[in-house]
J.: 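My questions will all concern the structure given below.
Positions are given from 1 along the sequence.
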Amino acid sequence: MTKNTAYRDPLTGLPTKELFFESLTNALRLAERNKKTTAVLFMCVDRLKLINDTLGENYGNKLLKTLAKRIRSCIRKSDILARPGRDEFVILLPEIKYAEDAALIARKIFTSLQMPLTLKRQKLFVSVYIGVSVYPNDGSNARNLLNTSYTALQHARKLGKNTYQFYSPELTEKAFERMVLENALQFALKNKEFVIHYQPQFDLLTGMIIGVEALVRWQRQGDLVYPKRFLYIMEETGQIAELGEWVLLAACSHNKEWQKMGLKSVRVAVNISARHFHEQDIPHLVSRILGETG
């Protein structure tokens, strides 16, 4: 047996716990040097033994191979998925911006499992539990981080199927708050809960307004929420494209209304997300909205 095959799970082809441990150790060295955040997700498949006992071990093996592919589709190319034990998977997120980003991956996995796995013409729904630990708060080395993620997994088991828990309770609460905020932002877009405030630009010589900048605010349950509280989430979820298009449309509509009221024409600046340049034809978008609003 070569070193390469010894480091690979023969069933799924994923790294074994030994190779994962090496990768995690190296990732933590880089994280320490670059002052970055790293996370480990420890995952357990629910009722695998029961599936093997009732449907046969070959069926269970097929399930694990299919599940590995499903999980792999939920993570980035730079992330590492391994299989340390019979019914276990671990994921290394070598560099994340926020600890809550690990919860996004967990929820993405749960969402993917809402679709049944088709095995030998049978459809089977699978549930998992996930424990999350984050460097540097939950462990300073690979062994500590794996231990704390496993401890978090045991807490997740007590809460029910398809649940995740951080090792640090405050991070679990923070991740939950973010999930609530994401859902609220979806409703905010649908229900048009956003408003625009305009910041004027003055000519210092004449004192005249020569332009304005459109700044979006979220009118949430009577409170005004400022962009730093929600824009980064909308960037990461892709909702920013829809919001940006609405702001552009509203700003042009308001400008047209000002002109009809006899006010002097002014230049209106609208912030555009970088996602627009990747996902939309900006000249076409601007041209279409200018045409719609006149």
J.: May I ask you to check whether Asn162 and Gln114 show a side-chain donor-acceptor distance below 3.5 Å?
T.: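 Side chains of Asn162 and Gln114: no pair found under 3.5 Å.
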J.: Just by distance, no angles: are the side chains of Ser168 and Asp138 close enough, under 3.5 Å, to form a donor-acceptor pair?
T.: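 Yes, side-chain donor-acceptor contact under 3.5 Å.
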J.: Is a donor from one side chain sitting under 3.5 angstrom from an acceptor on the other, for Glu32 and Tyr135?
T.: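 Distance-only check fails for Glu32 and Tyr135.
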J.: Mark yes when over 12 heavy atoms from residues, nucleotides or ligands other than Met179 sit less than 6.0 Å from its CE; otherwise mark no.
T.: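 Counting neighbours around CE of Met179, more than 12 heavy atoms of other residues, nucleotides or ligands fall under 6.0 Å, so yes.
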J.: Check the side chains of Glu235 and Ser273 for a donor-acceptor pair under 3.5 angstrom, ignoring hydrogens and angles.
T.: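 Short answer, yes.
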J.: Within the structure provided, determine whether Arg220 and Leu181 are in side-chain contact (heavy-atom separation under 4.5 Å).
T.: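 Answer yes - side chains close enough.
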J.: Look at the aromatic rings of Tyr232 and Tyr98 and report parallel, tilted or perpendicular, splitting at 30° and 60°.
T.: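 If you compare the ring of Tyr232 with that of Tyr98, the planes turn out tilted.
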J.: How far apart are the C-alpha atoms of Tyr198 and His254, what are their side-chain angles, what is the distance that settles it, and do they pass the ring pair (Phe, Tyr, Trp, His ring centres under 6.0 Å) test?
T.: CA-CA 10 Å; Tyr198 292 96; His254 292 162; 5.7 Å; yes
J.: Going by heavy atoms in the side chains, are Gln165 and Leu159 under 4.5 Å from each other?
T.: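 The answer is yes; the side chains approach within 4.5 Å.
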J.: Residues in side chain to side chain donor-acceptor pair (under 3.5 Å) with Thr12, at least two apart?
T.: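 For Thr12 the side chain to side chain donor-acceptor pair (under 3.5 Å) partners, ignoring immediate neighbours, are Asp9.
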J.: Is it true that atom CZ of Arg143 has more than 12 heavy atoms of other residues, nucleotides or ligands lying nearer than 6.0 Å?
T.: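 Counting other residues, nucleotides and ligands, CZ of Arg143 stays at 12 neighbours or fewer.
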J.: For Asn52 and Tyr59, which I'm curious about, is there any donor-acceptor pair between the side chains at under 3.5 Å?
T.: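 Side-chain D/A pair, Asn52 to Tyr59: absent.
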